[in-house]
A.B. asks: 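Okay, here's the structure, questions in a sec.
All ligand and atom numbering here is 1-based and tracks the order in the structure. This structure is a prediction, so every number in the text was calculated from the model and none was measured.
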Amino acid sequence: MKKEYHRIGVFDSGIGGLTVLKDLLDMIPGVDIAYLGDSARLPYGTKSPKTIVRYSLQCAGFLASKGIDMLVVACNTASAHAIDELKKEFDIPVVGVVEAGARAVVEAAGKRVGVIGTPSTIKSRAYDYAIKTLKSDVEIFSQACPLFVPLVEEGWFDNEITELVARRYLGGLIADEIDTLLLGCTHYPLLRGVITKVAGGGVRIIDSANSTARVVSEIIGDRYDRKRPQSVTYYLSDLSPHFIEIGEVILGRKMKYISDVDLCV
Ligand code: DGL
């Protein structure tokens with residue numbers, strides 16, 4: 001008999017992974033989800049690869065202790081640097097956003113592809129490698145957007161300052177005449193409105209968060225009990241009312257079961 005999935009673990013440095021969670025909740029309604037936001041140590045995107053790997057292993061270890069049967073790395077920065085170590089360390093399926101995002105770019109048949117992400121994701125060139133492995137004749141233009149994560153964490157999804165910042169970051173990519181823009185950070189789908197406006201109608205936007213949820217749902221297939229009531233538990237390494245306030249806006253639902261955790265013990 002094929003294995004059934006009961007509980008999956010999802011982690012990100014903060015609220016960005018909620019964009020993956022939101023899509024997962026719609027796609028796999030009978031599977032419990034444990035979401036970990038390492039909010040005390042956010043941002044990951046400006047940290048060194050060694051630190052990102054250490055934090056990622058701690059996040060995954062915490063979720064593994066909750067009895068998950070699949071791990072979703074809902075953070076591009078963690079996926080870019082730690083996916084191999086996570087796959088080696090944990091004996092359950094591990095799904096990262098980078099592989100899923102790269103696949104979505106190739107499916108969209110982009111030829112001149114802009115990739116935006118945290119400084120650490122862009123520096124890793126993980127997307128260049130993942131996309132070119134699937135399709136070698138794609139031209140890739142990358143841009144780090146370090147101010148996007150704090151803007152999202154602040155809940156400034158769509159205002160004149162966010163638009164100004166987006167114009168500064170995306171200007172070079174627009175001049176490079178990209179046809180596709182990959183949102184290579186799970187925080188960025190929350191800026192989709194501003195990014196679409198600035199990039200212009202001719203640029204196709206690919207969302208690595210949504211692509212990841214689709215890959216997870218494909219792996220799980222029908223191997224879960226649809227009739228089972230689903231529970232979502234949230235773990236935060238820094239529990240602040242602000243996180244919950246913004247989180248509930250993103251999810252469009254109440255965040256009920258929330259605990260704070262110390263990942264450094
Ligand atoms: N949401 C994370 C990502 O996808 C990163 C945010 C951060 O810098 O911590 O890369």
A.B. asks: Compile the donor-acceptor pairs under 3.5 Å between side chains in residues 250-259 and protein atoms, sequence neighbours left out, one pair per line.
C.D. replies:
from: Lys254; atom 1: NZ; to: Glu248; atom 2: OE1; distance (Å): 3.4

A.B. asks: If the threshold is 4.0 Å, N to carboxylate O, is there a salt bridge linking Arg214 and Glu218?
C.D. replies: no
A.B. asks: Kindly indicate, with the supporting measurements, whether the criterion ring pair (Phe, Tyr, Trp, His ring centres under 6.0 Å) is fulfilled by Tyr169 and Phe148.
C.D. replies: CA-CA 10 Å; Tyr169 285 146; Phe148 277 176; 5.2 Å; yes
A.B. asks: Salt bridge (Lys or Arg N to Asp or Glu O under 4.0 Å) for Arg103 and Glu99? Distances and angles first, verdict last.
C.D. replies: CA-CA 6 Å; Arg103 206 179 93 179; Glu99 287 157 339; over 6 Å; no
A.B. asks: Listing by chain and number, which residues have a heavy atom under 4.0 Å from ligand 1?
C.D. replies: Asp12, Ser13, Leu42, Pro43, Tyr44, Gly45, Cys75, Asn76, Thr77, Thr118, Val149, Cys185, Thr186, His187
A.B. asks: What class does the angle between the rings of Tyr55 and Tyr44 fall in, given that below 30° is parallel, 30 to 60° is tilted and above 60° is perpendicular?
C.D. replies: tilted
A.B. asks: So among Ser120, Cys185, Pro49, Pro119, which one has a side-chain contact (heavy atoms from CB on, under 4.5 Å) with Thr77?
C.D. replies: Ser120
